[in-house]
Each structure stands twice: as structure tokens, then as C-alpha cells.
Amino acid sequence: MLGLLLRSEEAKELEYIIKRELEELLLDFEDERIEKTVKETMEEKYKMIFKLYQRIAPPGDCVRYVRSWKERHSGDE
């Protein structure tokens, strides 16, 4: 286990960077031009980044970035 000590400003900046990455991924998931295999890799990245975001953000803020089962499995047909 690793620990990280951040100042308030650094924590806010980290939260901002993580939010931006999550927003980018969510937009890319909607892009129909991206192949299924690429989206599967993006899903793994999304999971890791979301878990990191959950550690630093209040639970109410995390809800905005939760993907539903339907969103994760659309286009699997």
C-alpha cells in the first residue's frame, strides 16, 4: 500500500485532471467510430481512473461519472 500526502491546492488539481480524463473517456464511449476492441481497453482504463477518483472525491460527486450496465454493453450485439 502506498500513501500520498497532498496540499489542498494539489488535491484540487488532481481531482480536476481525473475529472477531465473521465469526461474524455465518457465522450469516447459514445463515439461509434471507435472499434469494440479499443472500447474494451478504454473500459479497463476507465475503471482504474474511476476507482482513483472515488478515493479523493465526495460520494455525491462520483455519481456523475458512474456508467450504467446498459452504457457499458451497448453495441455488443
message: Hydrophobic cluster membership, with links at side-chain heavy-atom distances under 4.5 Å among I/L/V/M/F/W/Y: are Ile49 and Val38 in one?
response: yes
- prompt: Passes side-chain contact (heavy atoms from CB on, under 4.5 Å), Ile18 versus Phe50? Steps please.
  reply: CA-CA 8 Å; Ile18 293 171; Phe50 185 73; over 6 Å; no
query: Between atom CZ of Arg67 and atom CG of Leu26, what is the distance when rounded to the nearest 0.5 Å?
result: 6.5 Å
- prompt: Is any side-chain heavy atom of Ile34 less than 4.5 Å from a side-chain heavy atom of Phe29?
  reply: no
field: Heavy-atom neighbours of Glu40 CD exceed 12 at 6.0 Å
entry: yes
- request: Please report the shortest heavy-atom distance between Glu15 and Ala57, naming the atom on each side.
  value: OE2-CB, 4.2 Å
query: How far does CZ of Arg64 sit from NZ of Lys19, to the nearest 0.5 angstrom?
result: 7.0 Å
Show me the donor-acceptor pairs within less than 3.5 Å that the side chains of residues 2-9 make with the rest of the protein, sequence neighbours left out.
unit_1	atom_1	unit_2	atom_2	d
Arg7	NH2	Glu10	OE2	2.9

- request: Mark yes or no for whether Lys39, through its side chain, and Asp31, through its backbone, hold a donor-acceptor pair below 3.5 Å.
  value: yes
- line: Interatomic distance, CD1@Ile17 vs CZ@Arg20, rounded to 0.5 Å, equals 9.5 Å
task: Look at the side-chain heavy atoms of Ile, Leu, Val, Met, Phe, Trp and Tyr, link any pair under 4.5 Å apart, and say whether Val66 and Ile56 land in one connected group.
output: yes
Separation of Met48 CE from Glu43 CD (nearest 0.5 Å): 11.0 Å
task: Evaluate the criterion side-chain contact (heavy atoms from CB on, under 4.5 Å) for residue pair Lys51 and Arg55; output intermediate values, then yes/no.
output: CA-CA 7 Å; Lys51 285 179 186 178; Arg55 291 177 178 260; 5.6 Å; no
field: pair Met42-Lys47: side-chain heavy atoms closer than 4.5 Å
entry: no
